[in-house]
Amino acid sequence: MEKNKLFEKIPMTGVKNIIVVASGKGGVGKSTVAANLAIALARNGMKTALVDADIFGPSIPTMFGLEDARPEVKSENNRELIFPIEKFGIKIISIGFFIDRSQSLIWRGPMASNAVKQLFEDTQWGEVDYMIVDFPPGTSDIQLTTVQKLNLAGAIIVTTPQEIALNDARKASSMFMNPDLKVPILGVVENMSWFTPAAHPEEHYYLFGRGGGAKLAREFDTNLLCQIPLVLEVGEAAEAGRTVFQQTNKTAVEAFETLAGQVMEAVENQKPNK
């Protein structure tokens with residue numbers, strides 16, 4: 001009985017596909033991938049939502065230039081209804097909208113998990129084709145609660161090419177393959193794959209090693225969805241609340257456009273009779 005209650009799903013009426021973006025460690029660009037994937041999907045005409053589930057280090061408000069934004073909250077039938085903030089055609093929600101930027105959250109695991117659960121349950125999403133969930137790094141209560149409580153279309157694993165990042169990414173991947181969870185891994189995104197100087201666009205420098213993303217994809221019998229180069233403008237855009245699509249670097253734009261296409265195809269292939 002307790003186990004059935006544990007795995008009781010949150011009804012996400014109107015939301016068709018929920019995809020979590022995960023990594024084993026911080027600093028691999030997971031939030032950057034989640035944010036720009038959501039934007040690329042919206043640019044493809046998809047009704048898109050983005051949930052910042054990184055309770056202790058929310059970065060999505062900064063990436064979208066929404067640090068001072070506050071969602072509309074209405075009380076109805078003894079329940080608070082949250083209305084997501086929209087930008088670039090995306091419905092966005094984050095714990096960062098409800099706390100001061102200088103405020104640190106000192107919460108135990110269950111409290112953080114309940115906060116994430118509320119973000120999904122109490123937000124008025126409307127019709128959504130793709131909901132992208134930016135997980136915190138690692139495999140904590142937040143990830144476990146989300147996986148147990150939502151019907152997920154799949155997970156995307158973000159890593160950089162070096163072995164130390166792969167070791168942590170393996171742990172994240174293993175969580176989704178747990179027999180009690182069984183979340184499809186849609187594929188691997190290799191971030192910071194190489195560096196190309198602006199003055200020498202044909203040159204590739206593999207600063208963090210080479211082939212790590214493809215290796216991880218083979219280990220878990222999934223696809224390498226795309227490789228994203230190390231581009232200065234991507235980091236600058238994130239810090240300034242802009243998207244890579246507002247930059248002039250075509251390589252980064254093409255990488256995220258490729259990722260969006262691959263993700264949509266992978267989701268369709270997961271559906272019955274495919």
Going through the checks in order, is the side-chain contact (heavy atoms from CB on, under 4.5 Å) test met by Leu181 and Leu144?
CA-CA 9 Å; Leu181 302 179; Leu144 187 59; 4.2 Å; yes
Check against side-chain contact (heavy atoms from CB on, under 4.5 Å), Val133 and Ile18:
CA-CA 7 Å; Val133 181; Ile18 305 175; 3.8 Å; yes
Take Ile92 and Asp52, measure what side-chain contact (heavy atoms from CB on, under 4.5 Å) needs, and give me the verdict at the end.
CA-CA 8 Å; Ile92 306 168; Asp52 186 354; over 6 Å; no
Before giving the answer on side-chain contact (heavy atoms from CB on, under 4.5 Å), spell out for Thr145 and Phe120 the whole-Å C-alpha distance, their side-chain angles and the decisive distance to 0.1 Å.
CA-CA 11 Å; Thr145 296; Phe120 287 107; over 6 Å; no
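Leu224 and Tyr206 fall into different hydrophobic clusters, where Ile, Leu, Val, Met, Phe, Trp and Tyr are joined by side-chain heavy atoms under 4.5 Å apart, directly or via other members. When hydrophobic clusters are built by joining Ile, Leu, Val, Met, Phe, Trp and Tyr residues whose side-chain heavy atoms come closer than 4.5 Å, directly or via intermediates, Ile185 is grouped together with Phe135. Cluster membership check: Met192 does not share its hydrophobic cluster with Leu259, using side-chain heavy-atom separations under 4.5 Å among Ile, Leu, Val, Met, Phe, Trp and Tyr. A single hydrophobic cluster is not seen to contain both Phe83 and Phe88; linkage of ILVMFWY side chains at heavy-atom distances under 4.5 Å, directly or through other members, places them apart. When hydrophobic clusters are built by joining Ile, Leu, Val, Met, Phe, Trp and Tyr residues whose side-chain heavy atoms come closer than 4.5 Å, directly or via intermediates, Val183 is grouped together with Met177.
Shown here for Asp54 and Pro137, the closest heavy-atom pair between the two residues is OD2-CD, 3.9 Å. Counting all heavy atoms, side chain and backbone alike, Ser75 lies closest to Glu80 at OG-CG, 4.1 Å. Minimum interatomic distance between Ile142 and Ala53 (heavy atoms only, all atoms of both residues): CG2-O, 3.5 Å. Considering every non-hydrogen atom in both Pro161 and Gly209, the closest pair reads CB-O, 3.6 Å. When all heavy atoms are compared, the tightest approach of Ile228 to Ala255 is CG1-CB, 4.1 Å. Scanning both residues, Ala115 and Ile55, for their nearest heavy atoms gives CB-CD1, 4.2 Å.
Ile164 CD1: 12 or fewer foreign heavy atoms inside a 6.0 Å radius. Remark: Arg210 CZ is loosely packed, at most 12 non-hydrogen atoms of other residues, nucleotides or ligands lying under 6.0 Å away. Taking a 6.0 Å sphere around CD of Glu203, one finds it holds more than 12 heavy atoms contributed by other residues, nucleotides or ligands. Within a 6.0 Å radius of NZ in Lys25, more than 12 heavy atoms belonging to other residues, nucleotides or ligands are found.
Atom CG of residue Leu37 and atom OG1 of residue Thr32 lie 12.0 Å apart, to the nearest 0.5 angstrom. Separation of atoms OG1 (Thr258) and CG (Leu225) is listed at 10.5 Å; rounding is to 0.5 Å. Between atom OG1 of residue Thr48 and atom CE of residue Met131 there is a gap of 10.5 Å, rounded to the nearest 0.5 Å. With rounding to the nearest 0.5 angstrom, the CZ atom of Arg242 is 13.5 Å from the CE atom of Met63. To the nearest 0.5 Å, atoms CD (Glu76) and CD (Gln124) are separated by 7.5 Å. To the nearest 0.5 angstrom, Met264 atom CE is 6.0 Å from Tyr130 atom OH.
For Asn77 (side chain) and Arg79 (main-chain N/O), no donor-acceptor pair under 3.5 Å exists by modelled atom type. With hydrogens and angles ignored, the 3.5 Å screen pairs a side-chain donor or acceptor of Thr243 with a backbone N or O of Phe245. With Lys47 contributing its side chain and Ala42 its backbone, the two residues share no donor-acceptor pair below 3.5 Å. In terms of modelled atom types and a separation under 3.5 Å, the side chain of Lys171 and the main chain of Gly24 share no donor-acceptor contact. Using a distance-only test at 3.5 Å, with no hydrogens or angles considered, a donor-acceptor pair links the side chain of Lys87 to the main chain of Phe64.
With a 4.5 Å cut-off on side-chain heavy atoms, Pro71 and Ile93 count as touching. A 4.5 Å side-chain heavy-atom check between Phe256 and Ile39 finds every atom pair outside the cut-off. With a 4.5 Å cut-off on side-chain heavy atoms, Phe208 and Val28 do not count as touching. Put simply, the side chain of Pro229 does not reach to within 4.5 Å of the side chain of Thr196, judged on heavy atoms. Phe220 places a side-chain heavy atom less than 4.5 Å from the side chain of Ser174. In this structure, Gln262 and Glu265 have side chains that are in contact, with non-hydrogen atoms separated by less than 4.5 Å. Between Pro58 and Asp134, every side-chain heavy-atom pair lies at or beyond the 4.5 Å cut-off. The closest side-chain heavy-atom distance from Leu119 to Phe98 is below 4.5 Å.
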Could you pull out every donor-acceptor pair under 3.5 Å between side chains of residues 152-160 and any protein atom, sequence neighbours left out?
{"unit_1": "Thr160", "atom_1": "OG1", "unit_2": "Gln162", "atom_2": "OE1", "d": "2.7"}

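Checked for salt-bridge contact, Asp129 and Lys16 meet the test: a charged N lies under 4.0 Å from a carboxylate O. A salt bridge does not link Lys215 with Glu190: every distance from a Lys NZ or Arg NE/NH1/NH2 to an Asp or Glu carboxylate oxygen is 4.0 Å or more. Lys117 has a carboxylate O that lies under 4.0 Å from a charged side-chain N of Glu121, or vice versa, which qualifies the two as a salt bridge.
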